Amino acid sequence: MRANRVKKAKKSNSAKGTKKERKKISLQIGIRTKLLITFLIPVTALILLGVLSYSQTVSALRSLYQSSSIQILSKSADYLEVLMLDVETTAYDISVDTDLINYFSGMPDEGVDYSSIDAKLTSMLGTDAYVESGYFVAIEGNEHISTNPDVVFGEDAYSVFQTTEDYVQVTSRNRKVWLGESEFLEKYKGEAESPYGNRRMTLIRRVENILTGQDVGFIILEVRNSVIEQLLDEVNLGENSMVILAGQDSNEIAKTENYPENKEQHIITNSKAYVKIQQGLEKSGSFATSKNGKKYWLCYEYIGDLGNCLIGMIPEATMMAQANEIKIGTIGLVILVTIIVCVIGTWMAAGMSNTIRKIIKEVGKAAKGDLTVQVFTKRHDEFAVLSNSINDMIADMKVLIGKVSAGMEQVDGAVEKVSDARGNVHETAEVLSDAIVQIQSGARQQEDSAQNCMVGMDDLSDKIVRVVENTKEIDSISEETRVVVGNGIKVMEELNTSSEDTTNNLKEIMEDIRTLEERISNITHIVGVIAEIADQTNLLSLNASIEAARAGEAGKGFAVVATEVKTLADQSAQAAEKIRGIVDEVQQQSQKTLEHGDNTDEILKSQELAVKRAVDAFYNIDGCVERLNQELSGIITQTQAIAGAKNITLEAVEGISAVIEENSASTLEMAEGISGQKDQVEKMSGYTNDLKEVSQSLREEIHKFRIS
């Protein structure tokens, strides 16, 4: 009886402990959430990699776009410089023409008149591909020349010229000036079809009588608009970009669609950005600016040394268009991968979660006594093994319940036999009286041993259950670890591939820089040749000046030429020196870039080696987890075998305990029978009734289990 109370207390405590453990497990994070979190880790890494790649790509594209735009603008400026030098040469040839100077100085040569001078000027300008129209405004007299039939000067042309900004510009700049629009010519051309119809590059040069040193007039040459328009059309800096040619008078020449509606407004020359360009000491440059709330990248290049400037304005949106395409592609890829990972993770988690719920539902039915349930699953992994193990356990319980039920039938038969044998107890009392003392002593020892064995078996049973549960939990964690390790290996391999691509791109960039350095060396050589030519020209000018001095009055014109040649030689030498300085700076910057590239290459190699080591470490972890799974499978098999042996042992101990209790009761009854046969029979009858009640109670408990 005491053993039964201990057993019931153990079962009650075990049931309470199981409820607490279930409540604790229900409060933890589920398998579905864990799997989704695990899948989201590489997705987060992919997002970070996409953000980093986009940032680096934007920086590289911006730098490439800016450098290429500056190169395009520089080439265009070189072309414009050649064009303007050609126009200036034509103006110089006209300004030193003896017939023109003598005629407008009031000392014409024989046979030279206005018509011949007009025809000669028209002929000289007709061979120039860049000059559209030419004009000569005389200081003395009322005769002026115009090769443009739409422009006819009156006698007061010089007086009108003196009242314009054109006169202020040319007189303040010594000899010549480039204008974006001539205020003087606009007075004679009439109203154009558009506000900017008369706007074109115009050169104004003072014409001097070398012999007297007095000015005789001003030559005005207009550059063909088609040439400038073709150049502006060919300078393509990207969609919605603007190219502006700013003259020394701050007037702008641009494409028609880039002009503001109001002529009083300006595209760039009235802004702080243009002031910054004028205040700068560099011939070219670039910086960020804004106009009408839009961001632009502004680059400029001065043409020669006369203050004319070619300006390019590139919208920030144009520079970022390709980067935005990369951004959209990267975001799309990340979203696609995220959706795929979430779908796969949700599908796997839902399958595992549904299988676990199904197993829990069937096991719950079995716990309530329905042993007819069967756990089925379509999976072919560890859940299938778990389902088969649960089915085997239920089958073993059904066999056990069947045996207990059969034993109860035997107990009922024994009770009936005891009732029939009550009449014979009195007869056997005398025979048993001698053995009562010895049987009672042995029964007490057996009862104590059986009680201790029962307690020990209960403890062993609880420990076996805990071992099985802990082993299954470790097996589940091991599987999750294998999935995480597999994902880690994929991420590290992708990182290794990305590192190799970065190394290859860096090598290509360094090769391009080395090629650029070689070309810069060629430029240095060319600059040296230009410097030598300038020195030779300077020497030639000196010799010419000496010869002109020797020639006296006849050599004054030649002396002017020598002076101009010397000025040109000095300018060429200064330009060559500036180019040499720029080339030296570019070479130094290229060398620094190569050094940074070498350092970056070493760092990338170290990163690549570290990634390979990390991949090897992940593979080692995967192997260890595989061996751990194998060992856990063996442990689970052994613990299940121990659990089966435990049930058999517990059944045997319970049988022994029951026999000991019956022997003790029989011994007690036999001892009492010695003092009185009647009392012994009555007590035996009472014990028989108690045994029937116990048998009935046990039968009721067994009937709770449905095994068929």
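The model shown is predicted, which means the values in this text are computed figures rather than measured ones. In what follows, every heavy atom counts, from backbone to side chain, and hydrogens, waters and symmetry copies are set aside.
Ile277 CD1 to Ser284 OG: the interatomic distance, rounded to the nearest 0.5 Å, is 11.0 Å. In this structure, the separation between CD on Glu183 and CG on Asp249 is 10.0 Å, given to the nearest 0.5 Å. The structure places CG of Leu231 at 11.5 Å from OG of Ser226, a figure rounded to the nearest 0.5 Å. Separation of atoms OG1 (Thr164) and CD (Gln169) is listed at 10.0 Å; rounding is to 0.5 Å. Atom OG of Ser286 and atom CD1 of Ile314 lie 9.0 Å apart (nearest 0.5 Å). Within the model, atoms OH of Tyr130 and CG of Leu83 stand 5.5 Å from one another, a figure rounded to the nearest 0.5 Å.
The backbone N or O of Gly238 sits less than 3.5 Å from a side-chain atom of Asn236, completing a donor-acceptor pair. Side-chain atoms of Ser146 come within 3.5 Å of backbone atoms of Val151 as a donor-acceptor pair (strictly under, hydrogens ignored). Using a distance-only test at 3.5 Å, with no hydrogens or angles considered, no donor-acceptor pair links the side chain of Thr147 to the main chain of Thr122. Looking at Arg199, its side chain does come within 3.5 Å of a backbone N or O of Glu252 through a donor-acceptor pair. Listed for the Thr90 side chain is a donor-acceptor partner under 3.5 Å among the backbone atoms of Asp86. Between the side chain of Thr567 and the main chain of Thr563, a donor-acceptor pair closer than 3.5 Å is present. In this structure, Asn102 contributes its side chain and Thr98 its backbone to a donor-acceptor pair below 3.5 Å. A donor-acceptor pair under 3.5 Å is formed between the side chain of Ser95 and the backbone N or O of Tyr92. Between the side chain of Arg224 and the main chain of Ala129, a donor-acceptor pair closer than 3.5 Å is present. Put simply, the side chain of Glu301 never gets that close to the backbone of Ala77: no donor and acceptor are under 3.5 Å apart.
Heavy-atom contacts from other residues, nucleotides or ligands closer than 6.0 Å to CD of Glu282 number 12 or fewer. The local environment of NZ in Lys75 is sparse, with at most 12 non-hydrogen atoms from other residues, nucleotides or ligands closer than 6.0 Å. The local environment of CD in Glu257 is crowded, with over 12 non-hydrogen atoms from other residues, nucleotides or ligands closer than 6.0 Å. Within a 6.0 Å radius of NZ in Lys187, other residues, nucleotides and ligands contribute 12 heavy atoms or fewer.
Residues Thr269 and Ile311 are not in side-chain contact: their nearest non-hydrogen atoms beyond the backbone lie 4.5 Å or more apart. Here the side chains of Ile94 and Val207 are not in contact, with every heavy-atom distance at 4.5 Å or above. A heavy-atom distance below 4.5 Å is found between the side chains of Met201 and Asn308. Residues Ser133 and Arg200 have side chains not in contact (no heavy-atom distance under 4.5 Å, counting atoms from C-beta outward). At least one side-chain heavy atom of Ile220 sits less than 4.5 Å from a side-chain heavy atom of Phe184. Under the 4.5 Å side-chain criterion, counting only non-hydrogen atoms from C-beta, Leu80 is in contact with Ile228. Using a 4.5 Å heavy-atom threshold, the side chains of Ile244 and Asn258 count as separate. Inter-residue side-chain proximity for Val216 and Tyr103 is flagged as unmet; no heavy-atom pair is nearer than 4.5 Å.
The aromatic rings of Tyr135 and Phe153 sit perpendicular, their planes meeting at an angle over 60°, well past the 30° parallel limit.
Minimum interatomic distance between Gly247 and Tyr274 (heavy atoms only, all atoms of both residues): O-OH, 4.0 Å. The two residues Val131 and Asp128 make their nearest non-hydrogen contact at N-OD1, 3.4 Å. Nearest heavy atoms, Asp215 versus Glu208: OD1-CB, 3.9 Å. Closest heavy-atom contact between Leu125 and Gly134: CD1-CA, 3.3 Å. Annotation for Ala273 and Ile268: closest pair CB-CD1, 4.0 Å, computed over non-hydrogen atoms. Residues Gly154 and His144 approach most closely at O-CD2, 3.3 Å, considering heavy atoms.
For the 3.5 Å distance criterion, the side chains of Glu140 and Tyr158 fail to qualify, holding no donor opposite an acceptor.
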Give the C-alpha distance, both sets of side-chain angles, the deciding distance and a yes or no for side chain to side chain contact (heavy atoms under 4.5 Å, CB included) between Gln278 and Tyr302. CA-CA 10 Å; Gln278 291 180 319; Tyr302 274 107; 4.2 Å; yes
Worked verdict on Phe136 versus Ile117 for side chain to side chain contact (heavy atoms under 4.5 Å, CB included): CA-CA 10 Å; Phe136 185 83; Ile117 295 298; over 6 Å; no
Do Tyr259 and Ile253 pass the side chain to side chain contact (heavy atoms under 4.5 Å, CB included) test, and can you show the C-alpha distance, the side-chain angles, and the key distance before you say yes or no? CA-CA 8 Å; Tyr259 283 123; Ile253 297 179; 4.0 Å; yes
Evaluate side chain to side chain contact (heavy atoms under 4.5 Å, CB included) for Lys283 paired with Lys578, printing each intermediate quantity in order. CA-CA 10 Å; Lys283 184 179 179 181; Lys578 289 182 180 179; over 6 Å; no
Report the C-alpha separation of Thr318 and Asn240 in whole Å, then their side-chain angles, then the decisive distance to 0.1 Å, and conclude whether the side-chain hydrogen bond (donor to acceptor under 3.5 Å, both in side chains) test is met. CA-CA 7 Å; Thr318 300; Asn240 297 325; 4.8 Å; no
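By the side chain to side chain contact (heavy atoms under 4.5 Å, CB included) test, Ser68 pairs with no residue at all, sequence neighbours left out.
With Ile219 as the partner, the side-chain contact (heavy atoms from CB on, under 4.5 Å) test is satisfied by one option alone out of Leu121, Val137, Ile204: Leu121.
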